[in-house]
Amino acid sequence: MIATVGTIAVFAAADPVPWARSQMAFTLMFHIILVPLGVSWTFMTLIANYRALRHDDRDALLLAQRWSKYMAVTFAVGAVTGTVLSFEFGLLWPRFMDQWGEAFGVPFAFEGLFFFTEAIFISIYIFGWRRLRPWAHFWTGVPIVLAGILGSVSVVAANAWMNAPTGFTTNSAGTVVAVDPVRVIFNDSMPLQAAHMVVAAYLVGGFLIASVYATAMLRGRTDRYHRLGFIIAFSVAAVATPIQMGVGDSLARWVYTNQPVKFAAIELVPTTASDVPETILGRLGEDGTVSGGIPIPGLASWLSDPSTGRATVVQGLDTVPADARPTVDQVNIVHLGWDVMVGLGTLLFLLAVWYGATWLFRRRMPASRWFLGAAAASGVLSVIAMEAGWIVTEVGRQPWIVYELMKVEDAVTANTGVWISFAAIVVLYVAVGVTTILVLRGMSRRFRRAGGFTDHDAPYAPGPPVQAPSEQEKVP
Amino acid sequence: MSTAVAAVLLAAVVAYAVFGGADFGAGFWDLTAGGAERGARPRAVVEHSIGPVWEANHVWLIFIFVVLWTSFSEAYASITLTLFVPLMIAALGIVLRGASFAFRKAVVATWARRVFGAGFALSSVLVPYCMGAIMGGIASGRVPAGGRAGDPVGSWINPTSVVGGVLAVTAAAYLSAVYLVWDARRLDETDMAEYFRRRAVISAVVVAVTVAVGAVVLHADAGYLFDGLTSRALPVVILSIACGVAALLLLGRAAARGARALAVVAVATAVVSWGVAQWPYVLPESLTFTAAASSSGTLTAVLVAVALAVVVVLPGFVLLYVLDQRGLLPEEGVADAADRVADRPVGDGPAGGPDRTRLKESGT
Ligand code: HDD
Ligand code: HEM
Ligand code: HEM
């Protein structure tokens with residue numbers, strides 16, 4: 001037993017690469033769950049806030065007010081897990097940062113602006129309910145929405161740069177000698193990737209929040225407050241979903257043209273061919289053949305370039321040497337990730353169509369339990385779709401950390417203790433994740449038990465000082 | 001241009017020290033406030049004081065990292081390679097701290113508040129200690145240039161790092177106590193103001209002792225820094241000491257307002273003196289700012305971002321602090337009735353609940 005542990009420890013200590021990758025992947029996958037809430041929840045809160053102010057709608061006011069309280073929690077967790085990431089770039093990939101930091105880092109300089117803006121105004125908005133004037137308070141929410149969008153665009157620009165590194169000159173030794181910041185930020189992969197992520201943030205945020213209210217409605221809480229919460233969130237998601245499909249389609253074509261090896265992994269194409277089938281599920285074997293799955297003849301070729309249809313040639317994995325492409329296992333992960341993202345995306349799209357059609361024809365939201373059940377699941381499903389999408393992007397880029405310029409193993413830290421920090425991070429994050437959910441649930445229970453506002457608790461009302469309108473005022 | 005970016009970096013460190021540092025210090029007072037009953041009032045002041053601002057203050061740290069890795073990538077790589085352990089501990093501590101603080105505000109049960117309070121308070125001491133130790137490792141020349149790793153242990157467990165760590169914790173506590181005097185007054189809690197005033201005086205003395213000990217340690221352990229502090233940086237050092245002493249005198253006479261400004265200047269100039277003493281090295285005696293600097297394109301981009309920040313973010317910051325100081329950000333959200341009648345179900349009514357109030361003032 002001790003011997004086994006010892007062996008594992010020695011083995012683990014010998015090679016930081018898998019641990020560093022696991023830690024990076026784990027922390028990113030955790031952070032990204034909070035991102036949609038940070039980006040899109042304020043928008044939905046402002047919709048509710050707007051309704052409350054325009055139409056004197058008390059349910060909407062209650063919603064906006066409570067959402068902002070939940071946001072305070074998720075935003076804090078998002079902020080601290082994001083901070084860990086900025087430590088990790090150096091801690092796990094020091095040689096990457098040493099060589100490419102001056103290019104890769106540029107988008108983050110601007111992201112800093114948006115983080116500041118977001119953190120400042122979210123504080124004002126969350127803490128300002130009581131004393132700021134109603135519309136002034138509403139407007140302090142708007143910068144959060146803008147900063148959320150621009151902030152995620154900046155971060156994704158950095159990631160896109162890893163996929164399409166441009167905007168720098170190197171000397172013969174490979175050292176960066178000049179940087180064109182504009183080209184770094186607006187690299188070729190950035191517009192579509194950023195758009196896809198921002199729309200994903202609205203899609204996931206919308207479905208996540210809607211799923212909470214759908215669950216409540218399934219449990220019989222079908223009052224106006226819950227319906228309103230559902231409708232605001234689900235409508236946002238329903239608008240985002242078809243857009244996401246369109247952007248994703250363009251993005252796939254971008255990958256086809258610019259990262260043919262990743263595309264081959266996505267579509268499970270071992271050797272270059274035309275008339276490539278779209279294989280649903282299935283896997284690549286060590287011998288380079290595809291087994292299992294449901295092939296749809298010619299579809300992958302056709303989707304890659306509809307103008308040439310099934311004759312479109314798709315480059316195979318074997319066009320590059322084995323050490324310059326993902327391993328067989330990685331290919332299978334990428335392909336599965338792809339199936340999951342597109343599959344779930346399609347399901348969510350159908351759900352959005354159902355919702356849209358019912359509004360169109362019946363002028364109300366669908367009321368069937370089937371719909372509510374699906375909507376209750378949509379939150380988790382959309383998160384899975386987003387995670388899968390990132391797996392496609394990140395694992396599909398392997399073995400490169402900077403596409404075709406630097407390999408992951410050349411970027412990693414020399415510290416052999418990464419497995420310890422990985423273990424510590426997993427324990428801490430699991431605790432934080434579980435607690436976040438418990439705390440949010442606890443808040444929701446408390447809110448529910450207490451009903452609405454008490455007199456002096458109403459937003460935009462004076463605080464609870466002595467002169468607060470209390471008993472006397474209630475006298476008819 | 002690398003000088004300009006180095007100045008930006010130093011300014012960011014100063015900002016993090018005087019804004020973020022005080023938030024950490026508040027955690028220290030939270031830790032030492034005593035049992036749930038006795039500590040309830042000081043903790044309330046602490047929570048009230050840092051609640052609206054800690055997240056914005058925290059971004060300075062991210063900004064420091066960003067400037068470092070874009071503009072002085074080699075130094076960043078060397079630092080993260082060498083000081084892996086304290087940095088990782090600090091990262092974990094930051095997660096623990098931010099999450100606990102947010103959770104504590106959102107729960108009502110005493111035991112839960114206690115658990116999160118402990119997480120918040122302990123990490124509020126751990127993180128600044130690590131930061132100080134990291135600074136000590138850098139300042140004493142223990143981080144080699146060239147994106148190489150130095151001694152993974154000795155780089156942060158050494159005399160200068162210990163001084164740095166203790167200094168960071170105590171200075172943060174001091175600064176925060178001074179702020180809390182003012183905050184308590186604003187809340188009309190005279191006895192709490194006195195409570196923190198006493199602590200501010202005590203911690204000022206502790207800081208002074210640490211500085212004195214630190215001078216001896218630096219002389220032996222961090223020669224370059226010591227020489228810098230006693231030559232180039234001497235005026236700044238003197239200013240810092242003078243402000244510190246003046247702040248102490250004012251605190252002794254219970255003049256919180258002037259003391260606050262002086263305490264800020266004292267801490268800020270202390271950080272500046274470190275930067276000046278270390279100049280022109282980002283990693284003393286092995287890597288200068290100029291040698292580490294990225295190409296001009298990147299530096300320009302960083303300076304543009306900073307200029308934009310001055311135009312866009314600074315007004316936001318000012319707004320936040322003004323609103324906060326005027327008491328216009330009194331508490332998170334609206335204290336839902338829920339927070340007070342937590343354990344007493346008010347019927348199973350819908351959350352929209354019976355209409356007990358009207359929306360006031362809409363459309364002003
Ligand atoms: C809710 C989430 C969601 C949904 C429904 C979809 N995607 Fe997606 N997808 C993402 C969320 C996502 C993402 C946000 O996770 C990724 C990871 C990196 C990125 O920029 O967006 C992504 C990446 C990603 C990539 C890889 C880009 C690269 O490696 O550079 C492609 C090709 C697509 N998507 C295509 C699609 C298509 C054709 C979809 C249609 C059904 C689709 N996505 C639905
Ligand atoms: C936008 C910002 C992002 C940046 C700058 C970024 C950067 C990186 C870096 C530097 C690595 C390590 C090197 C490598 O393995 O290629 C990595 C790996 C990885 N990232 Fe990302 N990432 C980003 C977003 C994400 C998100 C949001 C996710 C997941 C939800 C993600 C999932 C992964 C995974 C799974 C790996 C490991 C890949 C492997 O080793 O097989 N990334 N990323
Ligand atoms: C696709 C990838 C990412 C997106 C879209 C994204 C977006 C966001 C957003 C919107 C926030 C605001 C906080 C919140 O609401 O949760 C945030 C927080 C943060 N993120 Fe990420 N992020 C991504 C990946 C990363 C990466 C790779 C880093 C590494 C540097 C990072 C660093 C941070 C930091 C430091 C914060 C805290 C900022 C604060 O205090 O306000 N993020 N991120």
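Note on naming: letters A, B, ... go to the chains in the order of the sequence lines (proteins, then strands), and numbering restarts at 1 for each one.
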> Less than 4.5 Å apart, side chain to side chain, heavy atoms only: is that true for V312(B) and F116(A)?
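No, side chains not in contact.
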> Is it the backbone or the side chain of I185(A) that comes under 4.5 Å from a heavy atom of chain B, or both, or neither?
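Looking at I185(A), nothing touches chain B.
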> Do other residues, nucleotides or ligands put more than 12 heavy atoms under 6.0 Å from the CZ atom of R224(A)?
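Check passes, neighbour count above 12.
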> Of the listed residues (S73(B), S296(B), A301(B)), which shares the most heavy-atom pairs with chain A below a 4.5 Å separation?
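The residue among S73(B), S296(B), A301(B) with the greatest pair count is S73(B).
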> Please check if the side chain of Y76(B) supplies one atom and the backbone of G90(A) the other of a donor-acceptor pair under 3.5 Å.
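A pair under 3.5 Å: yes.
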> Measuring from L68(B):CG to S86(A):OG, what's the distance to the nearest 0.5 Å?
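Rounded to the nearest 0.5 Å, the CG-OG separation comes out at 11.5 Å.
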> Where on T436(A) is there a heavy atom nearer than 4.5 Å to chain B: the side chain, the backbone, both, or neither?
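For T436(A), heavy atoms of backbone and side chain both lie under 4.5 Å from chain B.
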> With a 4.5 Å heavy-atom cut-off, do Q99(A) and E74(B) have their side chains touching?
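A side-chain contact is absent here, since even the closest heavy-atom pair is not under 4.5 Å.
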> Which value, rounded to the nearest 0.5 Å, describes the distance between L314(B) atom CG and I120(A) atom CD1?
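The CG atom of L314(B) sits 8.5 Å away from the CD1 atom of I120(A).
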> Write down the atom of P94(A), the atom of T80(B), and the distance for their closest heavy-atom approach.
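Smallest interatomic distance, heavy atoms only, reads CB-OG1, 3.9 Å.
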> For chain A, which candidate among S100(B), G98(B), G316(B), G119(B) shows the most heavy-atom pairs at distances under 4.5 Å?
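Top count of heavy-atom pairs under 4.5 Å with chain A: G316(B).
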> Does any backbone or side-chain atom of F65(B) lie under 4.5 Å from a heavy atom of chain A? Answer side chain, backbone, both or neither.
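Side chain only.
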> Determine whether the aromatic ring centres of F104(A) and W69(B) lie less than 6.0 Å apart.
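Ring centres of W69(B) and F104(A) not closer than 6.0 Å.
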> Using non-hydrogen atoms only, which part of L428(A) is less than 4.5 Å away from chain B: side chain, backbone, both, or neither?
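Answer is side chain: those atoms of L428(A) sit under 4.5 Å from chain B.
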> Please examine the side chains of L319(B) and I124(A), heavy atoms only from C-beta on, and report whether any two atoms are closer than 4.5 Å.
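Yes, their side chains come closer than 4.5 Å.
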> Taking side chain as everything from C-beta outward and backbone as N, CA, C, O, which of these in L61(B) sits under 4.5 Å from a heavy atom of chain A? Side chain, backbone, both or neither.
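It is the side chain, since no backbone atom gets that close.
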> With a 4.5 Å cut-off on side-chain heavy atoms, are L320(B) and S123(A) touching?
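Touching, per the 4.5 Å side-chain cut-off.
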> Between V95(B), V306(B), T300(B), who has the most heavy-atom pairs with chain A when the cutoff is under 4.5 Å?
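Most pairs with chain A among the choices: V95(B).
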> Just how far is it from atom CZ of F115(A) to atom CD1 of I62(B), taken to the nearest 0.5 Å?
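F115(A) atom CZ to I62(B) atom CD1 measures 6.5 Å (nearest 0.5 Å).
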> Which value, rounded to the nearest 0.5 Å, describes the distance between I420(A) atom CD1 and M88(B) atom CE?
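So the CD1 of I420(A) and the CE of M88(B) are separated by 10.5 Å.
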> Minimum heavy-atom separation for F110(A) and L308(B), please, with both atom names.
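Heavy atoms only, the tightest pair is CE2-CD1, 4.1 Å.
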> With a 4.5 angstrom heavy-atom cut-off, is it the side chain or the backbone of F116(B) that approaches chain A, or both, or neither?
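It is the side chain, since no backbone atom gets that close.
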> Working to the nearest 0.5 Å, report the span between OG1 of T83(A) and CZ of R97(B).
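Reported value, rounded in 0.5 Å steps: 11.0 Å.
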> Heavy-atom pairs under 4.5 Å with chain B - which of F168(A), F114(A), F87(A) has more of them than the others?
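Ranked by heavy-atom pairs under 4.5 Å with chain B, first place is F87(A).
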> Between T298(B) (side chain only) and E102(A) (backbone N and O only), is there a donor and an acceptor less than 3.5 Å apart?
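Here the side-chain-to-backbone pair exists.
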> Which value, rounded to the nearest 0.5 Å, describes the distance between T70(B) atom OG1 and M97(A) atom CE?
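With rounding to 0.5 Å, OG1 (T70(B)) is 8.5 Å from CE (M97(A)).
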> For A99(B) versus V80(A), what's the shortest heavy-atom pair and its separation?
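Of all heavy-atom pairs spanning A99(B) and V80(A), the closest is N-CG2, 4.4 Å.
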